[in-house]
Amino acid sequence: MKIAIIGTGYVGLVTGTCLAEVGHRVICNDSDEMKMDVLQKGGIPIYEPYLQDLVQKNKEAGRLSFTKKFEEAIKPSEVVFICVGTPPLENGEADLSAVEMVSREIARVSDSYKLVVEKSTVPVQTGEWIEKTIRIYGPKNIEIDIASNPEFLREGSAVEDFLHPDRIVIGIQNQRAEKILRELYAPIIHRSFSCPVHKNCLSAKEMVPFIVTDINSAELIKHASNSFLAAKISFINAVADICEKTGANIRDVSYGIGLDKRIGKSFLEAGIGFGGFCFPKDLQAFIRIAEKCGYDFKLLKEVEKINVERITLVVEKIEETLWILKGKTIGIFGLAFKPNTDDIRFAPALEIIKRLLKEGALIKAYDPKAMERTKMELPEIIYCSDPYETVKNADAMVICTEWDEFKNLNFEKIKNLMKRPFILDGRNIYDKAKMLSLGFEYMSIGR
Ligand code: NAD
């Protein structure tokens, strides 16, 4: 099928590349010309496992291309995926100006049938606005369908998640749209493609569940899913605080909870809270959506509050050990909001650094992938080339992102390099007894 991707960021690039990988012909467009230059020259503007190789492979096969011209993407395509950003406004609502602008542009250039699919995370009823906008700004006889197809990929495992989703959700208005999307996703639903990630995927027996709803329900599924996952994280973080006050161990508690199939093991890791371009903004947006409908979603307001307070908790834990932060050197391990990505949007590490800088601390930091991006936002800190340089003469080492690289370090060396061997393990990646026996002052979360 001929597909256009509008907005070639984390979601757009992964979506376009994976759809090309399963056999479609995809043209990607983005208003950021620098991004398009990088892609046209064979690079990729983000770090995501497997993505660079797949982009190159599908470009070479003639299935994937990039254009700065909107019309060039839209005109030949039957399906148009809107993948632009929907960042938070001051009041927490989603900023839909890019979605609106793309809708008007689609109206302006379309001269044949288009199925317009919203993949960006948008508030319920946005589909109705997209349709209205295209019909108002487009020619009278414009032939379009609108669909919602929320994306559930996780950064760091985005290619794998896109090709092997837990489910595919589509919200549609009619059978024509359903038929097109079923056909488009058929290789993924039936797992009938040669998987670039796992060698033995073809042996997977079960089909991927394909959920068909109305558009409003599909839009709500996305916001409700992210809000629920955020709630799980805040819940376990609150339990971790109780563990600390009572001498219980959050590791054991979450293991004991998570084995209950009704609860599940994932998203029960206590730590410094969630960040990234999805949970914080989607949670806020969902609170605002509820408010507009006349429902005060107090539960989610508390989820957000607990998460914001994690940052204060980290700073307080450091103060508890170092007493005065002014003039102290703190080594930050991990800047990305999670491992295996270079995305620093709403990353807890950055919030922690800003708070520590305010207190007068000197910050050294290391991240395997996210340092270039952070330099633009925080030019005043020292960027190090490896973990050992980061702890040299430091009064504290703070784990903010659980990169594998941090799990097996030479701790003897680290202890000798530090001015004061204090570790605050914000992601509970180390064994507490081992760290204490090695002679560290060690603090973690809920243990
Ligand atoms: P992103 O910022 O990486 O990408 C968005 C892209 O849209 C940018 O490259 C931007 O230049 C481009 N853009 C903005 N206005 C445009 C326009 N008028 N025309 C063409 N391009 C335009 O953001 P993202 O992380 O890919 O997220 C996109 C959407 O997907 C958001 O709604 C987000 O909530 C949702 N989402 C993100 C993830 C994730 O893990 N990042 C997962 C699921 C859903």
Side-chain angles (χ1 to χ4, degrees), residues 45-49 155-157 269 271-277 310-311 314-315 317-318 321-322 325 327-431 434-435 438-445:
I46 54 170
Y47 171 74
E48 189 61 47
E155 287 180 22
S157 55
E269 299 286 346
I272 59 174
F274 55 80
F277 194 52
R310 301 316 280 167
I311 307 299
V314 171
V315 177
K317 273 178 182 275
I318 300 172
T321 303
L322 298 188
L325 295 181
K328 296 279 162 59
T329 302
I330 297 174
I332 300 286
F333 279 52
L335 298 164
F337 84 96
K338 64 188 284 198
N340 299 321
T341 177
D342 60 351
D343 198 347
I344 54 161
R345 292 176 291 182
F346 303 100
L350 271 63
E351 284 312 307
I352 291 168
I353 292 173
K354 284 175 193 165
R355 290 279 291 275
L356 294 172
L357 285 171
K358 233 186 202 167
E359 299 288 333
L362 178 83
I363 303 295
K364 295 170 85 179
Y366 171 71
D367 186 288
K369 297 287 176 198
M371 290 203 286
E372 282 313 308
R373 279 179 196 274
T374 315
K375 277 177 193 168
M376 287 182 260
E377 194 169 328
L378 289 172
E380 65 269 55
I381 68 173
I382 300 167
Y383 293 90
C384 301
S385 56
D386 65 48
Y388 302 102
E389 197 190 323
T390 317
V391 291
K392 201 168 171 196
N393 291 324
D395 299 280
M397 161 178 171
V398 180
I399 304 289
C400 289
T401 317
E402 62 278 34
W403 284 93
D404 277 346
E405 186 181 334
F406 302 156
K407 291 181 183 162
N408 292 304
L409 297 170
N410 179 341
F411 289 105
E412 228 13 87
K413 188 171 167 183
I414 287 190
K415 206 174 82 183
N416 292 331
L417 283 168
M418 291 182 80
K419 209 185 288 170
R420 177 172 180 173
F422 165 50
I423 297 179
L424 172 54
D425 182 356
R427 298 293 183 183
N428 289 350
I429 61 174
Y430 301 132
D431 183 85
K434 187 180 158 198
M435 286 299 140
L438 285 170
F440 284 98
E441 294 174 89
Y442 178 78
M443 277 180 148
S444 56
I445 309 287

Q) Of Thr390, Val391, Asn410, which is the lone residue that meets side chain to side chain contact (heavy atoms under 4.5 Å, CB included) with Leu417? A) Val391

**Q.** Value rounded to 0.5 Å, distance of CD in Glu441 from CG in Leu424
**A.** 11.5 Å

Q) Is Asn340 close to Ser157 at the side-chain level, that is, under 4.5 Å between some pair of heavy atoms? A) no

Q. Roughly how far, to the nearest 0.5 Å, is CD1 of Ile272 from NZ of Lys317?
A. 12.0 Å

Q. Taking the six-membered ring for Trp, are Phe346 and Phe277 parallel (under 30°), tilted (30 to 60°) or perpendicular (over 60°)?
A. parallel

Q. Between the side chain of Asp425 and the main-chain N/O of Ile429, is any donor-acceptor distance below 3.5 Å?
A. yes

(Q) Contact between Lys328 and Leu356 at the side-chain level, heavy atoms closer than 4.5 Å - yes or no? (A) no

Q.
To the nearest 0.5 Å, what is the distance between OG1 on Thr321 and CZ on Phe422?
A. 3.5 Å

Q: Give the C-alpha distance, both sets of side-chain angles, the deciding distance and a yes or no for salt bridge (Lys or Arg N to Asp or Glu O under 4.0 Å) between Arg420 and Asp395.
A: CA-CA 5 Å; Arg420 177 172 180 173; Asp395 299 280; over 6 Å; no

Q. With a 4.5 Å limit on heavy-atom distance, are the side chains of Leu409 and Phe333 in contact?
A. yes

Q. Between atom NZ of Lys338 and atom CD1 of Ile344, what is the distance when rounded to the nearest 0.5 Å?
A. 16.0 Å

Q: Give the minimum heavy-atom separation between Ala347 and Ala336, together with the two atoms involved.
A: CB-C, 4.2 Å

Q) Yes or no on salt bridge (Lys or Arg N to Asp or Glu O under 4.0 Å) for Glu377 and Lys354, after CA distance, side-chain angles and deciding distance? A) CA-CA 10 Å; Glu377 194 169 328; Lys354 284 175 193 165; 3.1 Å; yes

**Q.** Non-hydrogen side-chain atoms of Thr329 and Asn393 separated by less than 4.5 Å
**A.** no

Q: Give the minimum heavy-atom separation between Gly439 and Pro421, together with the two atoms involved.
A: O-CG, 4.0 Å

Q: Check the pair Val314 / Glu351 against side chain to side chain contact (heavy atoms under 4.5 Å, CB included), numbers first and verdict last.
A: CA-CA 10 Å; Val314 171; Glu351 284 312 307; over 6 Å; no

(Q) Walk me through whether Leu325 and Val315 qualify under side chain to side chain contact (heavy atoms under 4.5 Å, CB included). (A) CA-CA 9 Å; Leu325 295 181; Val315 177; 4.2 Å; yes

Q: Over all heavy atoms of both residues, which pair between Ala396 and Leu322 is shortest? Give the atoms and the distance, please.
A: CB-CD1, 3.9 Å

Q) Do Lys364 and Tyr383 meet the cation-pi criteria used here (NZ or CZ under 6.0 Å from the six-membered ring centre, within 45° of the axis)? A) no

Q: Find out whether Ile414 and Phe440 are in side-chain contact, i.e. whether some heavy atom of one side chain is under 4.5 Å from a heavy atom of the other.
A: yes

Q | Residue among Ile381, Thr374, Ile330 satisfying side chain to side chain contact (heavy atoms under 4.5 Å, CB included) with Ile353 | A | Ile381

(Q) On a heavy-atom basis, which atom in Ala349 and which in Gly334 lie closest, and how many Å separate them? (A) CB-O, 3.3 Å

Q.
Would you say that Thr401 contacts Leu335 through its side chain, given a criterion of any heavy-atom pair below 4.5 Å between the two side chains?
A. no

Q: Return yes when atom NZ of Lys407 has more than 12 non-hydrogen atoms of other residues, nucleotides or ligands closer than 6.0 Å, and no otherwise.
A: yes

**Q.** Close aromatic pair by centroid cut-off 6.0 Å: Phe411 and Tyr430
**A.** yes

Q. How long is the span from the CG atom in Asp343 to the CD atom in Glu48, to the nearest 0.5 Å?
A. 9.5 Å

Q: Kindly indicate, with the supporting measurements, whether the criterion salt bridge (Lys or Arg N to Asp or Glu O under 4.0 Å) is fulfilled by Glu389 and Lys392.
A: CA-CA 5 Å; Glu389 197 190 323; Lys392 201 168 171 196; over 6 Å; no

Q. Taking side chain as C-beta onward, heavy atoms only, is Phe406 less than 4.5 Å from Pro368?
A. yes

Q.
Checking Arg345 against Glu155 for the salt bridge (Lys or Arg N to Asp or Glu O under 4.0 Å) test, could you report, in this order, the C-alpha distance in whole Å, the side-chain angles of both residues, the deciding distance, and whether it holds?
A. CA-CA 12 Å; Arg345 292 176 291 182; Glu155 287 180 22; 3.7 Å; yes

**Q.** Among Arg373, Lys375, Lys369, the one residue meeting salt bridge (Lys or Arg N to Asp or Glu O under 4.0 Å) with Asp342
**A.** Arg373

Q) Which heavy-atom pair separates Thr341 from Gly156 by the least distance, and what is that distance? A) CB-N, 4.3 Å

Q. Looking at side-chain heavy atoms only, is the closest gap between Leu438 and Glu412 below 4.5 Å?
A. yes

Q: Look only at the side chain of Glu402 and the backbone of Arg427, and say whether a donor-acceptor pair between them is shorter than 3.5 Å.
A: no

Q.
Show, in sequence, the C-alpha distance, side-chain angles and deciding distance for Tyr366 and Asp386, and conclude whether the side chain to side chain donor-acceptor pair (under 3.5 Å) test is met.
A. CA-CA 6 Å; Tyr366 171 71; Asp386 65 48; over 6 Å; no

Q) Rounded to the nearest 0.5 Å, what separation is found between the CG atom of Asp367 and the SG atom of Cys384? A) 12.0 Å

